[in-house]
Amino acid sequence: MTKSILVTGGAGFIGSNFVPYFAKKYPDYTIFNLDKLTYAANLENLSECKGMPNYNFIKGDICDANLVNDIFKDCKIQGVIHFAAESHVDNSIKGPMTFINTNIVGTANLLEAARENWMDAPFKTKKGQEQNRFHHISTDEVYGALGESGLFTESTPYDPSSPYSASKASSDHLVSAWHRTFGLNTTISNCSNNYGPKQHPEKLIPKIISNCVNEKPIPIYGRGENVRDWLYVLDHAYAIDLIFHNGISGQTYNIGGHNERTNMQIVNTICQIMDQRIPRKNGRYADLITFVADRPGHDLRYAIDATKIRKALGWKPTETFDKGIIKTVDWYLQKLR
């Protein structure tokens with residue numbers, strides 16, 4: 001079935017892995033990638049899409065309500081996959097208002113454009129728009145922090161710690177409200193930490209690799225005891241595909257990789273791979289590790305229970321962390337050397 005799909009933030013890390021996968025898998029879909037091209041975006045990461053007849057790029061900001069509405073009308077948008085967000089916690093502490101504008105106001109603009117173009121009235125969809133869906137990608141950070149045990153489920157109360165996670169929690173609530181108040185066909189996914197190719201170098205794993213290559217100190221917050229559940233980015237893309245097509249309207253699905261690691265385990269694993277790939281002349285890469293003051297409100301542990309998406313949609317991660325991290329390191333080494 002031919003459909004026009006709006007992907008927001010498709011030049012970012014997760015989006016630039018998702019878009020080529022999605023455009024190739026669904027040649028009958030016309031993909032419109034709307035991206036502001038902030039510092040965290042990179043059009044080179046979409047080189048696979050060059051020459052694809054069903055791929056289109058639009059430079060623009062989701063905070064521009066008129067532009068968003070024009071895209072819905074002119075491109076006859078029939079589905080939204082919403083990645084666009086400011087996502088770096090440290091940056092949200094330094095300048096929270098950018099996160100408020102993009103993550104909250106931008107999401108509201110998209111929801112309103114969908115409502116105005118797809119619906120005649122609350123719970124009354126326009127003819128021919130009945131199958132249109134708005135899928136919102138969010139984060140496990142909206143749930144706050146876990147102790148040494150336990151997992152986040154879809155019913156875990158929201159308890160965000162940073163301006164970033166608070167802004168994403170707000171956007172989740174807006175999506176839910178537009179479903180409950182207006183009957184808009186929406187789904188939400190909350191994912192654990194993604195890793196893989198195309199991630200911006202400010203993030204933990206690319207920064208470790210880059211600092212190893214350049215023999216710079218590798219900064220680790222506190223004692224490196226913070227635990228995250230790591231999800232390979234292409235496993236995430238497949239999960240979004242399943243939810244967008246088969247998820248139940250109004251439902252939230254948690255996506256996790258079942259790969260809990262402390263930051264110290266991550267850095268030591270990467271340093272060991274680097275020792276094999278490009279041995280240092282003097283010492284080992286782990287010698288570059290340096291501990292820095294922890295950031296304010298740093299959550300100790302995140303971990304996701306992905307039972308719902310596994311049972312309801314048949315999804316499970318296919319990439320083990322041990323193999324995925326080697327693929328990731330090798331991809332960055334090709335770019336950095």
Side-chain angles (χ1 to χ4, degrees), residues 12-18 21-22 81 83 85 87-89 135-156 164-165 168 172 187-200 203-209 224-244 246-247 252-270 272-273 299-332:
F13 165 43
I14 304 173
S16 64
N17 279 277
F18 176 81
Y21 155 84
F22 201 68
I81 299 174
F83 291 99
S87 64
H88 196 276
V89 175
H135 179 66
H136 174 63
I137 290 95
S138 191
T139 171
D140 60 357
E141 295 191 38
V142 299
Y143 299 123
L146 289 165
E148 293 183 2
S149 62
L151 300 170
F152 294 136
T153 70
E154 289 80 2
S155 60
T156 299
Y164 160 61
S165 56
K168 289 299 290 184
D172 292 7
T187 46
I188 298 171
S189 57
N190 296 86
C191 68
S192 57
N193 278 37
N194 281 225
Y195 73 101
K198 305 181 181 181
Q199 193 169 24
H200 190 274
K203 300 291 188 172
L204 178 66
I205 288 176
K207 180 178 283 189
I208 294 169
I209 299 166
E225 296 170 345
N226 302 81
V227 177
R228 300 293 181 261
D229 174 14
W230 291 92
L231 172 66
Y232 193 65
V233 66
L234 289 175
D235 280 333
H236 187 191
Y238 176 49
I240 293 168
D241 179 8
L242 282 174
I243 297 167
F244 181 71
N246 302 320
T252 293
Y253 299 85
N254 282 352
I255 311 169
H258 306 295
N259 285 305
E260 286 189 55
R261 299 286 192 283
T262 66
N263 287 349
M264 279 306 298
Q265 287 175 309
I266 295 292
V267 68
N268 282 323
T269 297
I270 293 172
Q272 289 167 11
I273 297 169
D299 292 330
L300 177 63
R301 175 175 170 263
Y302 305 143
I304 273 183
D305 181 349
T307 300
K308 179 177 177 178
I309 189 172
R310 186 181 72 246
K311 288 186 175 179
L313 302 179
W315 177 87
K316 63 179 180 179
T318 60
E319 192 66 77
T320 65
F321 183 81
D322 291 340
K323 291 181 179 178
I325 194 63
I326 291 172
K327 288 182 181 179
T328 302
V329 171
D330 287 343
W331 186 89
Y332 285 104

Check your understanding: Do the non-hydrogen side-chain atoms of Phe18 and Ile137 ever get within less than 4.5 Å of each other?
Key -> no

**Study point:** Rounded distance [0.5 Å steps], OG in Ser138 versus OH in Tyr143
**Key:** 8.0 Å

Point to revise | Side-chain donor or acceptor of Asn268 paired with backbone N/O of Ile266 under 3.5 Å | key: no

Exercise for review: For the pair Asp229 (side chain) and His258 (backbone), establish whether a donor and an acceptor sit closer than 3.5 Å, ignoring hydrogens and angles.
Suggested key: yes

Check your understanding: Which class fits the ring pair Tyr232 and Tyr195: parallel under 30°, tilted 30 to 60°, perpendicular over 60°?
Key -> perpendicular

Review point. Counting distance only, does the side-chain N/O of Lys168 pair as donor-acceptor with the main-chain N or O of Thr139 below 3.5 Å?
Key: no

**Study point:** Where Val89 and Glu141 come nearest, the two heavy atoms and their spacing
**Key:** CG2-OE1, 3.5 Å

Review point. Looking at His135 and Ser189, what are the two nearest heavy atoms and their distance?
Key: NE2-OG, 3.0 Å

Review point. Taking atom types as modelled and ignoring hydrogens, do the side chains of Thr318 and Asp235 form a donor-acceptor contact shorter than 3.5 angstrom?
Key: yes

Practice item. Quick one: list whatever passes side-chain contact (heavy atoms from CB on, under 4.5 Å) with Lys316, sequence neighbours left out. Key: none

Point to revise | Side-chain heavy-atom pair Glu260, Leu151 within 4.5 angstrom cut-off | key: yes

Practice item. Pick out which of Ile240, Leu242, Asn246 makes a side chain to side chain contact (heavy atoms under 4.5 Å, CB included) with Trp315. Key: Leu242

Study note, to complete from the structure: Closest non-hydrogen atoms of Ser87 and Tyr164, given as atom of the first, atom of the second and distance, are CA-CE1, 3.5 Å

Review point. So which of Asp172, Thr187, Thr252, Asn190 actually passes side chain to side chain donor-acceptor pair (under 3.5 Å) with His136?
Key: Asp172

Check your understanding: Where is the tightest heavy-atom contact between Gly256 and Ala306, given as atom of each residue plus distance?
Key -> N-CB, 4.0 Å

Check your understanding: How about Asp305 and Asn254: do any of their side-chain heavy atoms sit closer than 4.5 Å?
Key -> no

**Study point:** Sub-4.5 Å side-chain heavy-atom contact between Ile304 and Ile255
**Key:** no

Check your understanding: Quick one: CG on Asn259 to CG on Asn193, what's the gap to the nearest 0.5 Å?
Key -> 11.5 Å

Exercise for review: Taking the side chain as every heavy atom from C-beta outward, state whether Val267 and Asn263 have any atom pair closer than 4.5 Å.
Suggested key: no

**Study point:** Residue pair His88 / His200, side-chain heavy-atom distance below 4.5 Å
**Key:** no

Review point. Could you give the distance from OH (Tyr238) to OH (Tyr21), rounded to the nearest 0.5 Å?
Key: 7.0 Å

Review point. Do you know which two heavy atoms are closest between Arg228 and Leu300, and how far apart they sit?
Key: NH1-O, 3.3 Å

Revision key, fill the gap. Rounded to the nearest 0.5 angstrom, the NZ-CG distance for Lys198 and Asn17 is 5.0 Å

Check your understanding: Which distance, rounded to the nearest 0.5 Å, do you find between the CD of Gln272 and the CD1 of Ile325?
Key -> 11.5 Å

Review point. Would you call the rings of Trp230 and Phe321 parallel, tilted or perpendicular, where under 30° means parallel and over 60° means perpendicular?
Key: tilted

Review point. Looking at residues at least two apart in the chain, or sitting in another chain, which of them share a side-chain contact (heavy atoms from CB on, under 4.5 Å) with Leu146?
Key: Phe152, Arg301, Ala303

**Study point:** CD1-OG1 distance between Ile270 and Thr328, expressed to the nearest 0.5 angstrom
**Key:** 8.5 Å

Check your understanding: Can you find a heavy atom in the side chain of Val233 that is under 4.5 Å from one in the side chain of Gln199?
Key -> no

Revision key, fill the gap. All heavy atoms of Pro206 vs all of Tyr332, minimum pair found to be CG-OH, 3.5 Å

Point to revise | Minimum side-chain heavy-atom gap Leu234-Glu319 below 4.5 Å | key: no

